[in-house]
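Please read the structure below before turning to the comments.
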Amino acid sequence: MQATEAAPAPARAPNGVLPVTRQLSGRRVGGAAWRYVVLAVVSALYLFPFVVVLTTSFKPADEIFKLPPSLGSDRWTLDNYRAALDAMPFGRYLFNTALISSITVVGQLLSSSIVAYSLAKIRWRGRDALLLLIVATMMLPPQVTMIPVYIAWSKLGLTGTYLPLLIPQFFGLPFFIFMLRQFFRGIPEELIDAARVEGASDFRIYRSVVLPLSRPALVALSIFAFMWAWTDFLLPLIYINDPEQYTLSIGLYSFFSEHGVEWGALMAAATLMSLPLVLLFLVGQRQFVRGIALTGIK
Amino acid sequence: MHRSVLRGLLFASPWIVGFVIFQLVPIAASAYFSLTNFNLFQDPQFVGLRNYQRLASDALFWKSLLNTLYLTVIGVPVSLTAALAAALALNMRVRGQSLFRLFVFLPTVVPVVAATYIWRWLLNAQYGYVNGALGAVGLGQPLWLDDPFWTKPALILMSLWVTGSAMVVFLAALQDVPETYYEAAVIDGAGPWAKFRHVTLPLISPVILFETIIAGIFTLQYFTQAFLLGQTRLNAASGGPENSLLVYGLYLFQQAFVNLNMGYASAMAWVLLFVALAGTWLLLRVSRDRVFYAGD
């Protein structure tokens with residue numbers, strides 16, 4: 001298929017396309033321009049809110065409340081960022097959130113991968129039934145279990161700590177288990193059998209054969225787990241009371257409660273909170289998108 | 001028991017143990033609590049089906065259920081249509097395709113708290129850019145966050161910005177449609193619409209059904225965006241103007257964690273479960289003749 005590269009096709013044909021298509025798309029040369037127009041309009045709609053947030057966050061207060069709203073300014077300023085950082089212990093929230101997110105990643109990497117190994121690489125009766133059960137639990141509204149679980153944590157005296165957020169992460173999550181299982185299934189059985197013949201135990205095969213070959217999927221899991229923990233709102237809202245322990249989500253929420261109309265500072269805080277995730281996504285976007293496509297679920 | 005079964009169960013045990021502790025036992029407990037009066041501090045008092053009877057005559061319960069059904073029945077099709085349209089656009093072969101995909105996906109990684117406040121600013125009736133743009137082209141400028149009629153459309157508008165996950169799934173499905181089918185359609189004289197209607201749509205219909213179920217279940221649990229959009233500076237758990245933002249998850253949260261009516265809230269959770277099951281069943285039934293499964 002290297003010929004595709006050399007062919008002077010106006011719209012670049014991807015690999016595996018028959019020559020007849022190339023001719024057809026060649027006939028539609030004029031089509032290329034409107035495609036760019038469509039894509040530019042779509043992109044602009046999705047990007048516009050980012051432009052608004054960023055410009056608002058760098059504007060002095062009196063310019064933010066100017067009519068009609070405009071994106072420009074004569075006096076760009078960092079005042080909003082200073083105000084946001086003064087009003088809340090941003091570093092503290094950042095540390096708390098990063099801590100919770102990192103432990104979540106570790107817990108899910110360990111637990112989801114070993115369960116997925118059982119579902120993908122050990123042949124046992126009942127395996128398909130278990131997979132069905134795991135997938136079925138994704139349909140259960142969390143509200144059903146939320147209240148008894150809260151009551152249990154509260155009886156144990158552990159509300160107000162991070163444990164109710166962290167401990168469940170060490171028991172696997174159906175989404176991750178399913179994603180890794182899909183990936184593990186793609187690892188050739190011959191490799192597993194060869195290791196078995198050499199007398200390797202299942203745990204050994206899991207650790208030394210399957211995990212090293214699954215880096216892309218494990219990276220995808222890490223990004224997802226990190227992002228979800230970073231953004232989570234409901235559970236920290238329920239379990240965390242002490243401002244010292246706030247995550248960024250709860251911190252921003254309480255900042256809004258007190259400074260709701262200071263839009264400049266609020267947009268600056270929103271920018272600061274989103275920036276790490278946007279950067280993480282830009283670095284890992286290929287694995288991220290692949291992970292979604294692997295499961296077909298959000 | 002066969003040895004392989006033991007090994008399989010051993011490796012799967014983290015999930016099985018977690019399932020028992022965090023789901024199975026809580027489900028049973030929740031079913032019991034739903035039949036009690038329980039405020040967390042005193043022992044649960046058995047009251048039979050009284051919580052369910054009270055729900056039937058609770059105006060706010062019905063209001064919250066209708067609010068959530070509004071978002072599910074109108075919001076899900078709207079946002080999935082937008083995701084599919086975006087996927088179709090992003091599937092066009094152009095230079096810089098991956099960059100355009102990145103632009104459309106980027107909002108999806110913005111934390112939901114930040115995203116909701118961003119939209120509160122964009123939808124600000126007076127200084128917001130959405131009304132600024134509507135005014136510039138001579139359209140009406142709704143009071144998005146203050147007019148009970150417009151608060152839910154505001155939520156749906158917000159959800160359009162973060163359709164990235166569904167978009168990626170649709171994109172993957174579109175790429176799985178064999179090129180030869182389109183070629184055959186073109187030879188038969190099909191235009192772009194006919195190709196979409198008779199080739200693309202049937203072939204990706206299982207994915208559409210799947211995404212609809214997932215998005216539907218997700219929307220029934222909707223909480224954070226409504227909670228934050230209705231948030232006023234003094235009263236944290238507000239339902240917005242005339243309770244137009246009091247979605248089911250929000251009312252349940254208020255009952256459970258603000259009023260500490262744990263029994264009543266548990267009954268609400270069970271009603272939600274049945275609504276979700278009934279909705280999924282209905283969807284599967286209605287779609288039975290409309291979804292096309294290619295044998296593979």
Shortest non-hydrogen contact from [X] to [Y]?
X: B/W119; Y: A/P49; result: CZ2-CG, 4.1 Å
X: A/I122; Y: B/S4; result: CG2-O, 4.1 Å
X: A/V149; Y: B/F22; result: CG2-O, 3.9 Å
X: B/P26; Y: A/P148; result: O-CG, 3.3 Å

Which bit of [X] is near chain B, if near means a heavy-atom gap under 4.5 Å: side chain, backbone, both or neither?
X: A/L110; value: neither
X: A/V38; value: side chain
X: A/F65; value: both
X: A/L248; value: neither
X: A/A152; value: neither
X: A/R123; value: backbone
X: A/K66; value: backbone
X: A/V53; value: side chain
X: A/S112; value: neither
X: A/S70; value: backbone
X: A/L275; value: neither
X: A/I177; value: side chain
X: A/M267; value: side chain
X: A/I151; value: both

In terms of heavy-atom pairs under 4.5 Å, which option from [options] contacts chain A the most?
options: B/L272, B/I16, B/L99; result: B/L272
options: B/V207, B/V17, B/L102, B/L10; result: B/L102
options: B/N131, B/V104, B/L160, B/V168; result: B/V104
options: B/F105, B/F103, B/W121, B/F100; result: B/W121
options: B/A269, B/A265, B/P111, B/A114; result: B/P111

Closest-packed option against chain B by number of heavy-atom pairs under 4.5 Å, given [options]:
options: A/I64, A/L119, A/L173; answer: A/I64
options: A/L282, A/I167, A/T56; answer: A/T56
options: A/L277, A/D202, A/L266; answer: A/D202
options: A/L280, A/T271, A/D232, A/L71; answer: A/L71
options: A/S249, A/S111, A/A269; answer: A/S249
options: A/A116, A/P141, A/A270; answer: A/P141

Check whether any side-chain heavy atom of [X] lies under 4.5 Å from a side-chain heavy atom of [Y], and answer yes or no.
X: B/Q231; Y: A/Y253; answer: yes
X: B/I213; Y: A/M139; answer: yes
X: B/T108; Y: A/F281; answer: no
X: A/F233; Y: B/L228; answer: yes
X: B/P14; Y: A/F170; answer: no
X: B/R120; Y: A/W263; answer: yes

Would you mind checking which part of [X] comes under 4.5 Å of any heavy atom in chain A, side chain (CB onward), backbone (N, CA, C, O), both or neither?
X: B/F19; answer: side chain
X: B/F33; answer: side chain
X: B/A172; answer: side chain
X: B/L273; answer: both
X: B/I118; answer: both

>> Please verify the inter-ring angle class for B/F11 with A/Y206; under 30° counts as parallel, over 60° as perpendicular, anything in between as tilted.
In response: perpendicular
>> Please verify the inter-ring angle class for A/F48 with B/Y129; under 30° counts as parallel, over 60° as perpendicular, anything in between as tilted.
In response: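 A/F48 and B/Y129: perpendicular rings.
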With no hydrogens and no angle check, is any side-chain donor or acceptor of [X] less than 3.5 Å from a backbone partner on [Y]?
X: A/S274; Y: B/V110; answer: no
X: A/Y36; Y: B/R95; answer: yes
X: A/T145; Y: B/I27; answer: no
X: A/R35; Y: B/R93; answer: yes

> Going through the distances and angles, do B/L106 and A/V278 end up as a side-chain contact (heavy atoms from CB on, under 4.5 Å)?
Replying inline: CA-CA 7 Å; B/L106 204 54; A/V278 171; 4.0 Å; yes
> Are A/Y150 and B/L40 close enough, and set up right, to give a side-chain contact (heavy atoms from CB on, under 4.5 Å), and what steps lead you there?
Replying inline: CA-CA 10 Å; A/Y150 175 83; B/L40 196 62; 4.0 Å; yes
Any chance you could measure [X], atom [atom1], to [Y], atom [atom2], to the nearest 0.5 Å?
X: B/Q23; Y: A/L140; atom1: CD; atom2: CG; value: 6.0 Å
X: A/L234; Y: B/F223; atom1: CG; atom2: CZ; value: 5.0 Å
X: A/L131; Y: B/W15; atom1: CG; atom2: CH2; value: 9.5 Å

> Please walk me through it: do A/I147 and B/F38 pass side-chain contact (heavy atoms from CB on, under 4.5 Å)?
Replying inline: CA-CA 11 Å; A/I147 292 167; B/F38 187 27; over 6 Å; no
>> Could you walk me through whether B/V113 and A/I250 satisfy the side-chain contact (heavy atoms from CB on, under 4.5 Å) test, starting with their C-alpha distance in whole Å, then the side-chain angles of each, then the deciding distance to 0.1 Å, before giving a yes or no?
In response: CA-CA 8 Å; B/V113 180; A/I250 303 298; over 6 Å; no
>> The test is side-chain hydrogen bond (donor to acceptor under 3.5 Å, both in side chains); show your working for B/T163 and A/Y46 and say whether it passes.
In response: CA-CA 10 Å; B/T163 48; A/Y46 281 90; 3.3 Å; yes
> After noting the C-alpha distance and the side-chain angles of B/W161 and A/F50, does the key distance pass the ring pair (Phe, Tyr, Trp, His ring centres under 6.0 Å) rule?
Replying inline: CA-CA 11 Å; B/W161 193 50; A/F50 287 110; 5.3 Å; yes
